[in-house]
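Below is one structure, written out as C-alpha cells; the observations come after it.
Worth saying up front: this structure is predicted, and the values here are computed from it rather than measured. First the proteins, then the strands, lettered A, B, ... as listed; each starts at 1.
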Number of protein chains: 2
Amino acid sequence: MVDHDDEPEGLSVAQMAETTGVTGYTLRYYERAGLISTIPRTSGNQRRYRATDVEWVRFLLRLRETGMPIAQMRNYAVLRTKDDDSLRPRLDMLTDHHEALRRQIKTLQAHERALRSKIATYRQMVADTENEETADD
Amino acid sequence: MVDHDDEPEGLSVAQMAETTGVTGYTLRYYERAGLISTIPRTSGNQRRYRATDVEWVRFLLRLRETGMPIAQMRNYAVLRTKDDDSLRPRLDMLTDHHEALRRQIKTLQAHERALRSKIATYRQMVADTENEETADD
DNA sequence: CTAGAACTTAGAGCACGCTCTAAGTCCATC
DNA sequence: GATGGACTTAGAGCGTGCTCTAAGTTCTAG
C-alpha cells in the first residue's frame, strides 16, 4: 500500500497515437520540433500524456489540417509556455490564421464551382458519345 | 514577305510563366513529369505555348490548389492524350476529385467554426486581463 | 527471473514538389 | 558578326514533414 506513488498517470505513446490518430513517430517528432513540451515521464523515463496534452495535440492537428506550417505552430507553442502576457500575440496569431483560412475556403469554393461546371460539360459529352453509338442500331 | 513560315506562334517559357503565375522551372518540370505534353517548338527548339496550353496549365493549377498530387494529375493528363474513348474515365476522375474537394471544404469549415469560437474565448480573456490592469488606477 | 513487447534517443532516410546549376545553344540588337 | 539575354538539357540540391533504424532500456506477463 502506498500513500501516493509519484508515477504520473496518463496515456503511453502508443495509446496517445491511437487516441489522436497520428503515429508515435510523429508525436515524438512534434516534441523535438518544439510543438509539444514537458510531457510527464514515469520513473523509467517513459512519456505519460495527460488529458490536456490530448487537447493540445488535437488543436495542433487542426492547425496542421488548415495548412499552418510547423514553424508557425512552434511560434504559437512557444508563446503558450510564457503564459499570461502572451495572450495578445496568441490572439493575433489565431486571428491571422482564421483570416487566411477563410480566404482558403473561398478559393476552394471557387475551384469547386469551376470543377462542377466542367463535370457538367463532360457528362454532356459522354452522353452524346453514347447516343451516337446507340444510334447506329 | 513569306507565304507561311513554319515557325509556331505562341508564348515563350518566360511569357508563359508570367501568364500562368508559375516559374519557368516549374513549367519545364511539369512537362518532364508528364503533366504537359507536346508543346510546339521553333526551328531552334524553343517552346511556344498556345492558348490551349495556357488553359490546360490553368486547369492543372486548379487541381494542384485543390490538393491533387502530381501522380494523379499525370494519370489524367495521360488519359487526355488518348482522346475520345477516355472521356468516361476522365469524367470519373473528375467526379471523384470533386467529391474529395467537397469533403475537404466541409472539414475546413468545421475547423473555421472551431477556430472562430476559440478566438471568441481568447478575446474575452484578453478583455478581462486588460480590465484587471486598468482597475488598479 | 526471464522473454518479448513497448519504450528511449539521435540521427539517417524518404516522398514530394519544386528550384537551381552547369554547360551549351539560340536569338535580337548594335 | 559579335555580345548578351533567353533558351535548352540532364541532373543535383533543397525545404517540409514525416518515417524509420539502431542500439539500448523498461515494462508486463508467465
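Residue B/R28 is classed as a base contact, given a heavy-atom separation below 4.0 Å to a base. Residue contacts shown for B/R41 are limited to sugar-phosphate atoms, with no base heavy atom under 4.0 Å away. Among the atoms of the strands shown, only primed sugar atoms or phosphate atoms (P, OP1, OP2) are found under 4.0 Å from some heavy atom of A/R47.
Both A/M73 and B/Q15 lie close to DNA chain D; mapped to their nearest nucleotides by heavy-atom distance, the more 5′-ward contact belongs to B/Q15. Both B/N45 and A/V13 lie close to DNA chain C; mapped to their nearest nucleotides by heavy-atom distance, the more 5′-ward contact belongs to A/V13. Projected onto DNA chain C by closest heavy-atom contact, B/T42 and B/A71 fall at different nucleotides, the more 5' of which corresponds to B/A71.
A/L63 places its CG atom 15 Å from the C1' atom of D/dG17, with the value rounded to the nearest Å. If you measure from atom OH of A/Y49 to atom C1' of C/dT8, you get 12 Å, rounded to the nearest angstrom. Protein atom CG of B/L60 is 11 Å distant from nucleotide atom P of C/dC18, rounded to whole Å. Taking atom OH of B/Y29 as the reference point, atom C1' of C/dT21 lies 18 Å away to the nearest angstrom. D/dT9 atom C1' lies 16 Å from atom CG of B/L27, rounded to whole Å.
The pair A/K106-B/E112 fails the salt-bridge criterion, with no side-chain N (NZ, NE, NH1 or NH2) lying under 4.0 Å from an Asp/Glu carboxylate O. A salt bridge is defined here as a Lys NZ or Arg NE, NH1 or NH2 lying under 4.0 Å from an Asp or Glu carboxylate O, and A/E55 with A/R58 meets this definition.
Ring geometry, A/Y76 versus A/F59: the interplanar angle falls from 30° to 60°, so the pair is classed tilted.
Using a 4.0 Å cut-off, some side-chain N or O of B/Y30 falls inside it from OP1 or OP2 of C/dC18. Contact check, A/S12 against C/dC7: a side-chain N or O comes under 4.0 Å of OP1 or OP2.
Among D/dC27, C/dT19, C/dG17, the nucleotide with an atom closest to any side-chain atom of B/I70 is C/dG17.
Cation-pi check for B/R80 over B/W56 is met; the charged atom lies under 6.0 angstrom from the ring centroid and within 45 degrees of its normal.
Not one N or O on the side chain of B/T26 forms a donor-acceptor pair closer than 3.5 Å with the backbone of B/V22.
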